[in-house]
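Working notes for the structure below.
Only a predicted model underlies this, so the values are computations on that prediction, with no experimental measurement involved. Reminder, nothing fancy here: chain letters follow the sequence lines and each chain counts from 1.
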2 protein chains.
Amino acid sequence: MDTTQRTDQQRSADRRRRELLEAADRVVLRDGPGASMNAIAAEAGITKPILYRHFGDKGGLYAALAKRHTDALLEALRAALDAPAERRERVEATLDTYLAAIEARPQVYRFLMHPSEGGPQGDQGFDIGLYSAPVLRRMGEELGKVIEERVDLGPGSQQLARVWGHGIVGMMHAAGDWWLGERPCSRAELVRSLADLLWGRLAAAGDRVGGPGF
Amino acid sequence: MDTTQRTDQQRSADRRRRELLEAADRVVLRDGPGASMNAIAAEAGITKPILYRHFGDKGGLYAALAKRHTDALLEALRAALDAPAERRERVEATLDTYLAAIEARPQVYRFLMHPSEGGPQGDQGFDIGLYSAPVLRRMGEELGKVIEERVDLGPGSQQLARVWGHGIVGMMHAAGDWWLGERPCSRAELVRSLADLLWGRLAAAGDRVGGPGF
DNA sequence: GACTCCTGTTACCGCAAGTAACATGTGAGT
DNA sequence: ACTCACATGTTACTTGCGGTAACAGGAGTC
């Protein structure tokens, strides 16, 4: 009948879509974010217009791709955030989860956060910068919500929690990005350093000899 | 002689270069970061190849453009960082300086940090994402140096300071970006909230009723 | 068998980055 | 005065991308 047929078709379309996304994933992870639609189509064994029929435009495809990875990352973060432990331990676990993720799959990370710098040669094409912001925004919003739910911040807590959510995510992101590039220390050390920062060690530290401190 | 001639020529070339950069600035601020080389050349009253002779490629031009603005911003930040005041006040002044800058010239900010999302219509073109990272990196490095010079952090201070430098810059950036988009509060409130975060208020806050806190 | 979708193709448009090859003005050296 | 070197400027082109139109089967439905 009509319904079953529609269902069948939708099923088929969804499967196809997933296959295409997986092919796109392979190409993007291999060639960097500058991968062309032609290359992706070729990897999937088809041609361009099909991609456009499924995803509208390149932005749609990349958004779908980004969503997959983002969802996975957010789930891992939520787990670390919800673990039964002291606050400090949770913070460290969350930081460590994030850093472990970007360490384990730097290609994915670079795709999500640092559009196009992959390929050895020119990457005229497309700006995916629009998709890195949403990732960080989502993480910031989620963290803000968790903070507001869990921590007693007195009046104005909602706003404060949101600011902190975005701020902490930004801190994690920037520090992680720098760390991933230079690897100046172990992951555990980085986690501890960041947690110390959040724990007010900057305020507690004394001035250095020779003048007023920062 | 040779030297004076070379100097004259170089002077002329430098002036030309500055003019071109100013024209590029106007176009980028008007049309968004997706501005084409043709458009920039037209604004400057010349044609494309000249731009390429001066800046190599579009990346070179945009890097030069970014450097201008970045230098200006860094100088303002250094001033706030070096002001004679208590540490907390300096931190707040620095945060406020950064936020005031991005608030005053959001177009410039978006150009530096958020490549291509300016124009109302399609922006196939070019990825400037490569230039936002350097900006943040430079800020992070500088802040790290200042912290290491001024704050007594005990053993491992250099590494810790660098981590904190990048982390704090990332926090400032992410929170500022979110704030600029949503304007959920005044600048002063944002500054206070972030400074409170750095001052360990997250660690000091109590759990909310109903379970262990974040 | 005609009709309708869905999938797939080839061939094309428009536009941007980047490049060659050619034109021209100007000061230096002889 | 002539020419050489050189910087500045041009037009016209190539290449490669995103995106689209128009066409070509194939599988169910009436």
[X] [atom1] to [N] [atom2]: how many Å, rounded?
| X | N | atom1 | atom2 | value |
| --- | --- | --- | --- | --- |
| A/Arg53 | D/dA22 | CZ | P | 13 Å |
| A/Asp31 | D/dG16 | CG | P | 15 Å |
| B/Leu51 | D/dT8 | CG | P | 13 Å |
| A/His54 | C/dT7 | NE2 | C1' | 8 Å |
| B/Asn38 | C/dA17 | CG | P | 7 Å |
| A/Lys48 | C/dC13 | NZ | P | 14 Å |

For A/Tyr62 and A/Phe55, run ring pair (Phe, Tyr, Trp, His ring centres under 6.0 Å): C-alpha distance rounded to whole Å, both residues' side-chain angles, the deciding distance at 0.1 Å, then the answer.
-> CA-CA 9 Å; A/Tyr62 275 41; A/Phe55 300 102; 9.9 Å; no

Minimum-distance pair of heavy atoms, taken over all atoms of A/Trp178 and B/Glu141 |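 Minimum heavy-atom contact is NE1-OE2, 3.5 Å.
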
Could you tell me whether the side chain of B/Arg110 and the main chain of B/Gly32 form a donor-acceptor pair under 3.5 Å?
-> no

For the side chain of [X], counting heavy atoms from C-beta on, which of [options] is nearest?
| X | options | value |
| --- | --- | --- |
| B/Met37 | D/dT10, C/dA17, D/dC17 | C/dA17 |
| A/Thr47 | D/dT11, C/dA21, C/dT9 | C/dT9 |
| A/Lys58 | C/dG8, D/dT10, D/dG18 | D/dG18 |
| B/Asp57 | C/dA16, C/dG18, D/dT8 | C/dG18 |

Report which part of the nucleic acid [X] touches: base, sugar-phosphate, or nothing (heavy-atom distance under 4.0 Å, all strands).
| X | value |
| --- | --- |
| B/Ile50 | base |
| A/Arg16 | sugar-phosphate |
| A/Ser36 | sugar-phosphate |

Pick one: which of B/Asp25, B/Val135, B/Leu74 meets side-chain contact (heavy atoms from CB on, under 4.5 Å) with B/His69?
-> B/Asp25

